[in-house]
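Any value given below was found using the heavy atoms of this structure, including those in side chains, with hydrogens, waters and symmetry copies removed. Numbered from 1 within each chain, the chains take letters A, B, ... in sequence-line order.
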Amino acid sequence: MAKEKFEEALDRLEDLVRKMEAGEMTLEESLKAFEEGTRLARLCARKLDEAERRVEILLKQGEDLVIKPLPGEDREC
Amino acid sequence: MMKEILTVSALNNQIKDLLEAGFVLLWVEGEVSNLRRPASGHVYFTLKDEKSQIRAVIFRSPFAPKTPFPNHRPVFDLEEGMSTICRARVSVYQPRGEYQLIVDTVEPKGIGALQMAFEQLKNRLEKEGLFDAVHKKQIPFLPERIGIITSATGAVIRDILTITHRRFPSVDILVAPVRVQGSEAPAEIIQAIDQMNAIGDIDVMILARGGGSLEDLAPFNDEGVARAIFRSRIPVISAVGHETDFTIADFVSDLRAPTPSAAAELVVPMKQDLIASLENLHHRMFHLHRRMMNRFKERLNLLRERLKNPKRRLADFRLFADDRLEKLQRIFHHKTQGRKHDLIRLESRLHQVCPLIHIHDHQFALDHLRKNMIAETGNTIERFNNRLCSLTAMLDSLSPLAVLKRGYGIVRRLSDGEIIRRADDISLGCDVHVKVLSGSFETRVTKIYEE
């Protein structure tokens with residue numbers, strides 16, 4: 001599946017929950033909905049608690065470009 | 001031809017009409033001199049260039065306090081010798097036969113040009129459609145990597161880093177350090193924009209700088225920068241710290257943030273909020289799922305319960321059948337008993353009314369009666385005979401026949417058969433019937449004798 005964007009996943013999850021709340025689902029549908037809901041929730045959660053961010057700086061060395069971590073970037077700022 | 005002679009005031013009037021009609025609101029450029037600010041708050045000066053000059057006045061607006069430019073941005077104070085551009089209309093002061101400019105807007109010449117240039121570029125780009133909303137790209141809700149084009153030093157980058165970290169610490173940042181002021185700035189900005197696009201995994205870009213004067217912001221009004229922003233595939237948030245005025249960059253970017261920190265707030269959502277809403281959704285879903293499962297289980301149990309029923313129903317049927325059979329037998333038995341009783345009763349009654357018995361009885365009674373009858377008859381006959389004898393005897397003695405033997409006759413009224421004993425029993429002409437000893441005859445009464 002394409003790199004699902006966090007926002008799309010969240011919207012899809014919201015939609016699923018709303019459908020489940022509406023209550024017109026058959027057993028199969030609700031099982032499938034729950035399964036996909038869990039997958040989406042896990043995906044969103046993963047995006048949320050990914051490791052600390054990378055802060056870099058784009059520098060020109062002669063002709064080419066180089067990306068370096070930003071020195072002295074106060075991570076806890 | 002008669003000379004037409006005008007009075008001075010008529011002439012001045014015509015000049016006034018001519019001049020005032022001739023010049024609409026105009027912009028005029030010149031240097032300020034003999035600046036005078038009388039107590040009235042009006043400002044008098046002459047506007048001149050190398051070859052000529054013209055008087056000018058700026059009236060104090062009746063509403064505002066005594067400031068020369070009440071309704072314009074107090075960008076600067078009018079000074080002697082300042083080269084300006086004024087917006088004014090021509091007016092004639094008849095009493096002194098002088099014409100002058102009534103000025104309502106003054107701008108320093110230098111800045112004015114910049115402003116003019118800005119307006120012109122803005123209109124041109126606008127016509128080209130660079131500002132059209134249709135080209136505005138969606139700012140991603142949660143970017144994974146943000147490009148920041150600003151000066152490497154200074155408060156701007158620090159603010160953006162702080163705010164983004166506070167709001168969402170796990171979003172990557174790539175800073176492209178550029179000059180944000182001066183003539184080389186535009187080129188660097190353009191290059192940075194293109195480089196960011198080249199890298200490819202940047203989801204959104206912030207083009208930012210702190211506040212500054214019109215000149216300071218010039219790079220952000222640069223056409224090249226505008227076109228770079230327009231061609232960028234990555235959405236651009238412009239954050240030029242100049243709340244009030246819009247730069248060209250603001251018009252062409254996909255989103256305009258009033259300040260760099262505002263841009264930082266806009267570009268990433270609050271992680272806590274997302275976590276909260278995610279947990280909420282997850283919780284609701286889990287809860288819903290469990291409830292739904294329970295409901296299905298319940299229905300299943302209910303159905304399973306009823307599923308057993310056929311067997312039970314079979315048992316029920318069996319019971320039912322037995323029950324019915326039993327009842328049937330009972331009823332049958334009851335009925336037959338009933339019938340038996342009836343039969344017995346009937347038999348006994350039959351027996352009672354059995355003609356045979358009666359026959360015997362009757363025979364018995366009959367014999368009895370016969371005997372009695374015979375006896376009785378015998379007696380009766382005897383009695384009758386006796387009576388008869390006595391009666392006959394009596395009869396003989398009384399028998400009218402005996403009388404008849406002696407020649408008497410029994411006379412009866414023919415009409416009613418009454419025996420006539422007295423003469424007045426009958427009347428003349430009456431028919432009578434006379435019985436004599438042997439036979440009888442009818443006669444009619446011809447005469448009646450009273451005794």
*Asks:* Please examine the side chains of A:V17 and B:H282, heavy atoms only from C-beta on, and report whether any two atoms are closer than 4.5 Å.
*Replies:*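 In short, these two side chains do not touch, never coming nearer than 4.5 Å.
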*Asks:* Sort out for me which of B:L281, B:N280, B:I275 touches chain A most, counting heavy-atom pairs under 4.5 Å.
*Replies:*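 The answer is B:L281.
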*Asks:* Do B:I199 and A:L58 come within less than 4.5 Å of each other through their side chains, counting heavy atoms only?
*Replies:*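 When only atoms from C-beta onward are counted, A:L58 and B:I199 do touch, with a gap below 4.5 Å.
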*Asks:* Side chain from CB out, backbone as N, CA, C, O: work out which of these in B:R145 comes under 4.5 Å of a heavy atom of chain A, or both, or neither.
*Replies:*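 Side chain only.
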*Asks:* Got a sec, which pairs hit ring pair (Phe, Tyr, Trp, His ring centres under 6.0 Å) with one end in residues 10-44 of chain A, sequence neighbours left out?
*Replies:*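 For residues 10-44 of chain A: A:F34-B:H289.
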*Asks:* Rounded at 0.5 Å granularity, tell me how far CD1 in A:I57 sits from CD1 in B:I157.
*Replies:*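 One gets 8.0 Å once the value is rounded to the nearest 0.5 Å.
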*Asks:* Which atoms of B:M292 are under 4.5 Å from chain A, going by heavy atoms: the side chain, the backbone, both sets, or neither?
*Replies:*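 When you check distances to chain A, only side chain atoms of B:M292 fall under 4.5 Å.
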*Asks:* In Å, rounded to the nearest 0.5 Å, how long is the span from CZ of B:R284 to CG of A:L13?
*Replies:* 9.0 Å
*Asks:* Measure the CG-CZ distance between A:D11 and B:F141 for me, rounded to the nearest 0.5 Å.
*Replies:*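 Reported to 0.5 Å precision, the distance equals 8.0 Å.
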*Asks:* Measuring heavy-atom distances to chain A, does B:T164 have an atom under 4.5 Å in its side chain, in its backbone, in both, or in neither?
*Replies:* both
*Asks:* For B:I146, which atoms come within 4.5 Å of any heavy atom of chain A: side chain, backbone, both, or neither?
*Replies:*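 Neither part.
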*Asks:* Starting at CD of A:E14, measure out to CG of B:L278 and round the result to the nearest 0.5 Å.
*Replies:*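 Interatomic distance, A:E14 CD to B:L278 CG, rounded to 0.5 Å: 10.5 Å.
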*Asks:* A:I67 versus B:Q195: any side-chain heavy-atom pair under 4.5 Å?
*Replies:* no
*Asks:* Between atom NZ of A:K60 and atom CD of B:Q191, what is the distance when rounded to the nearest 0.5 Å?
*Replies:* 4.5 Å
*Asks:* Counting only heavy atoms not in B:H283, do more than 12 sit closer than 6.0 Å to its NE2 atom?
*Replies:* no
*Asks:* Is B:L142 in contact with chain A via its backbone, its side chain, both, or neither, using a 4.5 Å heavy-atom distance?
*Replies:*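 Only the side chain of B:L142 comes within 4.5 Å of chain A.
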*Asks:* With side chains defined as the heavy atoms from C-beta onward, is the minimum distance between A:R53 and B:I173 less than 4.5 Å?
*Replies:*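 Touching, per the 4.5 Å side-chain cut-off.
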